[in-house]
Amino acid sequence: MLQRIYGTAFARKKDLDDYLNMLEEAKKRDHRKLGPKLDLFMIDTDIAPGMPFFLPKGSIVLNELMNFSRELHKDAGYVEVITPLVMNVKLWHQSGHWDHYKENMYFTEKEDTMYAIKPMNCPGHILIFKSKSVSYRDLPVRMFEFGKVHRYERSGVLHGLLRVRSFTQDDAHIFCTPDQIEEEIIGVIKLIDRIYSPFGFTYRAELSTMPEDHMGEEATWRRAESALKSALDSIGLEYRIAEGEGAFYGPKIDFMIKDSLGREWQCATVQLDFLMPERFDVNYIGPDNKEHRVVMIHRAIYGSIERFFGILIEHYAGAFPTWLAPVQVVIIPISDKHIEYAKKVAKKLDEDGIRVEIDSRRETLGYRIRDNQMKKVPYMFILGDREAENEKVSVRTRHGRETKDVDLDEFVQKIREEIKERRRTLSFDE
RNA sequence: GCCAGCGUAGCUCAAUCGGCAGAGCGGCGCAUUCGUAAUGCGCAGGUUGUGGGUUCAAGUCCCACCGCUGGCUCCA
């Protein structure tokens, strides 16, 4: 009989202290605690373990993340599609998921036909690509989807939003010629950098090469690997090589982002895929009027928007920058007689596209300030006689910084700029 | 899935050896109309995760299942 004993050891006392501090800080930021507390999401472990419900406030954050991503994808020449969640199981026989991934899939049956709930978006995108013949002039095709996928993850691996059974990938497949691989990879890496930049993460890349158990010619692999390498080199991005860690269908680059506590998370991934084009016979018509096999690049940038959201909650400790904050301004009228002025101010903010709420609960001023501060609302307006008379607002940031007698138009102008530029700091904090 | 621990009110937790399920916060009601981080009083809230077993008696002991936490393995 063997007994397993766990331990953690440190070379220096200071390392231990740092580690304990990190654990303490991580606990305070735990998205599983903050999420329900800030009304962002909930998980009903009895009804749908591993499948989060997003509450109205959390849905605002997710939609902001998606809008931001859409904007940049459109810029980068992607087209957006939507594919079915439930598709005939024969599609998954053809893709090979039945053989390699069955244990992780959900199935449903209707009138003697078996359907699978999609665990990945690739086969759906391939069906769209193949629905008409494609000329070499049309390549590359960059097909993008916020694809909701379901994977039966083994019990014991679930973890809040960071490891779930139902999630949404910001997934895209680039169909291109072998000659276009390098340029497309460079495009993806640049897009990753643009999408990550407002969040203030640092990140690093890892290139995974041909594994023992691989599919296809070694020469093709080496060519693909060198395309990935020269893409990384030409961008000047630092990367490690994980020898033999690639998927069996192609080499890949993974991106690890580092959060505010120095913890690393794998989010973005870029994978070359030689297998799917074979299995689905995916071709384009070349200048020679003959069919040629396409190359597929599979890539996701947030990875899973649920996971990315969870990481952001911890990264910001729930205090989202204004562009992501579910409520951007809370107006606190000092007493009932100031509600009218509060409504007038709220209307103006609302018309300017600012997410605003009025907190006119019959509670003391101190209570309402404290409550909204703990909800991490970026800005509070305290409105009493003084403000109503001069048609001004008193601004208090969630860090406690007060600015009295602010002109409303001036506030709107500043905050709109802050939102538009997706700044991480509050305009009235200094 | 594996190893270990845990599951009591919406949340955080209490309940001695197996002997009447309790508190704070939150919620609701009433009073308070207030100038920058918690006003006071009152009320409601429970099939103790689910199912079975032992016992005069189970939140507490035993078994199974579900779920959660930490780790392993796997992954976005």
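Protein chains get the first letters and strands the later ones, always in sequence-line order, with residue 1 at the start of each. The shown structure was predicted, so the numbers you read here are calculated from the model rather than taken from an experiment. Values below: every heavy atom of this structure, side chains too, minus hydrogens, waters and symmetry copies.
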Look through every strand shown and name the nucleotide pairing with B:rU54 as Watson-Crick or G-U wobble, where both distances are under 3.5 Å.
-> none
B:rC65 -> Watson-Crick or G-U wobble partner, both distances under 3.5 Å, gives B:rG49
Pairwise P distance for B:rU16 and B:rG49, with rounding to whole Å | 16 Å
Syn or anti for B:rC17, taking syn as within 90° of 0?
-> syn
Across all strands shown, which nucleotide pairs with B:rA14 by Watson-Crick or G-U wobble geometry, both distances under 3.5 Å?
-> none
So, is A:Arg396 close to the B:rA37 phosphate, meaning a side-chain N or O under 4.0 Å from OP1 or OP2?
-> yes
Who is the Watson-Crick or G-U wobble partner of B:rU60, with both distances under 3.5 Å?
-> none
Would you tell me whether A:His31 and A:Glu314 have side-chain atoms, one donor and one acceptor, within less than 3.5 Å of each other?
-> yes
Residue matched to B:rA37 through Watson-Crick or wobble contacts both under 3.5 angstrom | none
Reckon A:Gly384 touches a base, only the sugar-phosphate, or nothing at all at heavy-atom distances under 4.0 Å?
-> base
Any A:His338 side-chain nitrogen or oxygen under 4.0 Å from OP1 or OP2 of B:rG35 | no
Between the base of B:rU73 and the side chain of A:Arg154, is there a donor-acceptor distance below 3.5 Å?
-> yes
Given that both distances must come in under 3.5 Å, which nucleotide forms a Watson-Crick or G-U wobble pair with B:rU8?
-> none
Heavy-atom count around A:Glu183 CD within 6.0 Å, excluding the residue itself: above 12?
-> no
Determine the contact category for A:Glu103: base if any of its heavy atoms lies under 4.0 Å from a base atom, sugar-phosphate if only primed atoms, P, OP1 or OP2 are that close, otherwise nothing.
-> nothing
Classify the nucleic acid contact of A:Arg32 as base, sugar-phosphate or nothing, counting any heavy atom under 4.0 Å across all strands shown.
-> sugar-phosphate
Provide, to the nearest angstrom, the distance between the CZ atom belonging to A:Arg165 and the P atom belonging to B:rG1.
-> 8 Å
For A:Gln373, report the nucleic acid contact type (base, sugar-phosphate, nothing); a contact means any heavy atom under 4.0 Å.
-> base
Between the side chains of A:Thr209 and A:Glu225, does any donor sit under 3.5 Å from an acceptor?
-> no
Quick one: is the NZ or CZ of A:Arg165 closer than 6.0 Å to the six-membered ring centre of A:Tyr152, and within 45° of its axis?
-> yes
Identify whether a stacking contact exists between A:Tyr367 and B:rA37, where the ring centres must be under 5.5 Å apart and the planes under 30° apart.
-> no
